[in-house]
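The chains referred to below are lettered A, B, ... by the order of the sequence lines, with proteins before strands, and numbering in each begins at 1. These numbers come from a predicted model, not from an experiment.
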Amino acid sequence: MVALTGVAIAIFAFVATATPYVSAKEAQTNPGLRVHVAGSIDHATVRNDVQGQKLYFDLIDDQGTKMSVVYLGVKPSNFDSAPKATVAGTYKEGAFYAKELRTQCPSKYETESKTP
Amino acid sequence: MPTLPPAPTFGLLAGDVGRLLVFVGIIAFLLSAMAWVRSRETLGARMFLLGVCCVMAVFAIHVALLMFKQYQYAYVFNNTRNQMPEIYRFSAAWAAQEGSFLLWALTSAVFAAWVARSTGIYRRWFTVTCAIALAAILGIIAYESPFRHTPLAPDLIATLPQGQTTVLPPDGRGLNPLLQNYWMAIHPWVIFIGFGSLLALFAWSLSAGLSKDRTSWLNSARPFAIFSMTVLGLGLTMGGLWAYETLGWGGFWAWDPVENVSLVPFLAMVAWVHTVFVGRFRQTLLRWLPLLGMVPFFTFVYGTYLTRSGALVGVSVHSFAKMNEGAHGLLLALVCATLLTTIVFGIVAVKRPIEVTNTQSPGPRGYGIYIGASLIYFIAIMAAIGMSVPFFAALFGGQGKIVEESHYNNIVVWPFIPALLLLAIVPFLGWKKTNPKRLNQIANAFFLAVMLLGITVFLLVKSGLTLNGTERMNPLHLVLFFFLIFICAFAIASNVYLIIDRSINRRPIGSFVMHTGVVLLLLGLIVSKAFEKKSIVGVPVGSGAVLEAGPAHYFATLDELKEENLFDPANSLNENRLQIRMVDLSQTRKDLIFRPVLYYTTPLNPEEPSTPVARPYIHMSPLFDLYLAVGPPEPWFEKDITLKPGETKEANGVTVKYLQATRTGEPGQPGTRFGARLEITYSGKTYSVHPEIELGGPHGLRRHGERAGPDLIAVMTGMQAENSAAIISLARAAPIVPMELFFKPLASLVWLGTGIMTLGGFLAIRNRKLIKPSELHASDSAT
């Protein structure tokens, strides 16, 4: 019984600490909270500070809200061709500081390819 | 648009035969199931064999279409191209969704046919279960067919000569560059053999649950279960090694949902193999073993559904295809049917009266193994819950959630500690009571572990790590890591002690070799991650930069980037390597040459963008790995600064002043140049430049950049006619290549552990086959 209770508590803790996916607006209204935000990359706004290891760009979520993102790391190799990205981090002082950046591959498997 | 030739008849015929054989296979498996239900064994066995032959033939046709470049099929067109090496053309057979389902069907069918002869009295319901499941998998393949024709572009259809309905495209789109790796030829096969084995063990367990005889199947099923466990473990670690070599994030395992989908059935199989070991010998848990034996297959089918349902899109590094609706429905039905079967037949197995001749208490050793198995189940449950969170969040329309890597590490580390302790102690315990001599041996192993800890610390210091490198770690984490290293050392010492002891006495050692390999692998994962150091810098082409990752202290220089190497029409990774000289600044090691891969793909359709592809370079040594990941070169210092005449703007420490707009020639005429006279100031010096844009001409719009001092080139990227504003970008005189150097101590243990674990697994299978059932009692009791 004690073991089962322990397992139940561990499961509850596991699920409760899962990081939520939120909209850009929700991220902006909850500064300091670690969240994931998914959206389209505005490639016109991309600025890569290689020496400073920062990548700046705007992310537009499904509701059309634009959010400035500062990614603290090296630009992923497929970033320039990726249509969408998911960032994980916290919003503070006017920008979303992402510690993780996951780009969505423009995978050929996801669309029906036709002969050229 | 050029006219394309019609698809060759033999290719079209082969595809039609492939499609037909899928349906023949479904019918054969269903007839086999019906025949076995009616106890018409000969007919059932023949139909089952016919079904297996159909699956093999479908797979052979699928491979042949790939090898003979039959681009009229969408699968071949989307996953291969002319210039691909043959090995990747062959590997493309399982690169996409349809191929992976076919590989699953093949390995499941062949494994089931192999095992069937050993199932004895359980064969009837074993075959019925396997046949129905294989018919369902073939049903998915019927919908998700690798023999679908490539859709033709509407403008191409319009140009086809009258009567021509098919075309053979001259080339395909090619395999995803990340999949063009030697692991692609090895890893999927291995892991799918493991996945394929789960169906047979599920069916065997179900059949055993319907029988009163719950003992005889354990002897014959256990070697196959050990095989399944070994191959799954090998496949998983191969996947980790592939990720390490390819993805550039310097790690082996990230608790990604797709990784967990493979991990959970493996852990369920590990726990089951250990439970069977006790159950078979002490005649305990015999009612429960069939139910537990069905769990690994259910978790795999459920995990397969998770990865194909689309719930994990955006939360996994793996990419997914959208399933055909019919195939999706069938897979969902398979998941529900497997769950229902596991519950119903599991309850039947538990409730049904059984024949037990000699039930004994598990004893200290048996209880120890049960506790260890429970801990493994706990880890499996946590991984299963973690991977399911995004799915259930999506299912119930709630807020999406994901369990992050750090949460897994924080939770899973706790059951690992007692599990490793049990791995060290339990093999010494007796079945009834423990001989005091054995307790002395545990003490000896403990002191050996202290020595091993000392050796590990010495190796860490020898690799160059000092307290300076670790002092930034949280002290609690540091203590925990050293405690984990000690526990691993204890488990290794105990198992090595037993290997030596048993080898002297000519007794089987397979399981202890496997335990040693697993713990070495874990030790490599823990140490290489816990004491990892990294450094990220941008290295200008033609000069260099310092990379300092812990004790690794290098000056990296990159002489040039050759355009012919960066753009590769074959999209192959063979020749496109940078040459980076790493000059050792610590003066304790040799200078090195690192050759990471970097190139841009050449898409079949010129309108699609080229994608940079990078692959890290790993300098391996017994003490540490130096892992260098590179990114695509960054040519721009600042892009698109819009200035009106007379305006000044500052960007990243560089001041740009727009003095005057210029024009040479008449507007609208080819060759006319529009320019901007600028003053660019940085590092205390001002440079006057005059970048221009030239209209028309054979090359279209041409930009004439001008050098602004030693570091920058001013480029006019656009202009606004209404207010004479110029859009200026500043390019770097030397593009910067981002580089990330990881120092990973004792990463070699991961490779060593994998090899030893696999060797141990196969030794264990061999031992089980060599030992006659009558000898099992003596063999087991002696330990």
Side-chain angles (χ1 to χ4, degrees), chain A residues 3 6-7 10-23 26 34-39 43-55 72-86 88 99-100 102-116, chain B residues 4 71 74 77-78 96-97 150-153 156 167 169 173 176 248 313-315 317 319-322 374 378 381-382 385-386 389-390 393 399-404 407 411 414 536-538 598 604-605 609-614 629-632 634 636 638-640 652 736-740:
Chain A
V7 170
I11 291 170
F12 177 76
F14 209 44
V15 176
T17 54
T19 316
Y21 272 80
V22 298
S23 66
E26 285 171 302
R34 184 172 165 82
V35 291
H36 288 258
V37 184
H43 283 283
T45 61
V46 175
R47 191 162 66 79
N48 189 13
D49 177 3
V50 179
Q51 298 291 20
Q53 296 153 36
K54 290 189 188 76
L55 179 69
L72 312 167
V74 179
K75 185 167 82 172
S77 61
N78 64 345
F79 184 82
D80 289 330
S81 56
K84 290 185 172 183
T86 301
K99 285 192 173 173
E100 284 171 37
R102 198 191 300 270
T103 51
Q104 187 191 48
C105 258
S107 171
K108 54 182 173 277
Y109 310 121
E110 290 179 10
T111 53
E112 187 78 340
S113 300
K114 291 184 176 170
T115 49
Chain B
L4 296 176
Y71 297 119
F77 178 76
N78 285 329
Q97 183 137 270
T150 309
L152 303 181
L156 178 68
V167 296
R173 293 165 65 87
N176 183 329
V313 171
V315 299
V317 295
S319 63
F320 306 94
K322 277 185 183 168
S374 305
F378 176 75
I381 290 167
M382 299 314 286
I385 289 170
V389 165
Q399 192 180 40
K401 278 188 170 185
I402 184 168
V403 178
E404 297 195 54
H407 291 145
I411 295 275
W414 299 111
I536 308 170
V537 295
L598 178 67
L604 182 64
N605 185 346
S610 286
T611 309
V613 177
V630 297
E634 185 59 49
W636 298 106
E638 190 67 42
K639 278 167 75 178
D640 299 337
N652 281 331
I736 286 189
V737 176
M739 293 188 191
E740 197 166 11

Subject >> B:E638 side, atom CD; A:R47 side, atom CZ - distance, nearest 0.5 Å >> reply: 5.0 Å
**OP:** Measure the spacing between CD of B:E404 and CD of A:E100 and express it to the nearest 0.5 Å.
**Re:** 5.0 Å
Original post:
Can you find a pair of side-chain heavy atoms, one from B:H407 and one from A:T19, that are under 4.5 Å apart?
Top reply: yes
**OP:** For the residue pair A:N48 and B:W636, establish whether any side-chain heavy-atom pair is separated by less than 4.5 Å.
**Re:** no
Subject >> Interchain contact, B:V389 with chain A, by part (heavy-atom threshold 4.5 Å) >> reply: side chain
Subject >> Among B:I736, B:D640, B:I536, residue most engaged with chain A (heavy-atom pairs, under 4.5 Å) >> reply: B:I536
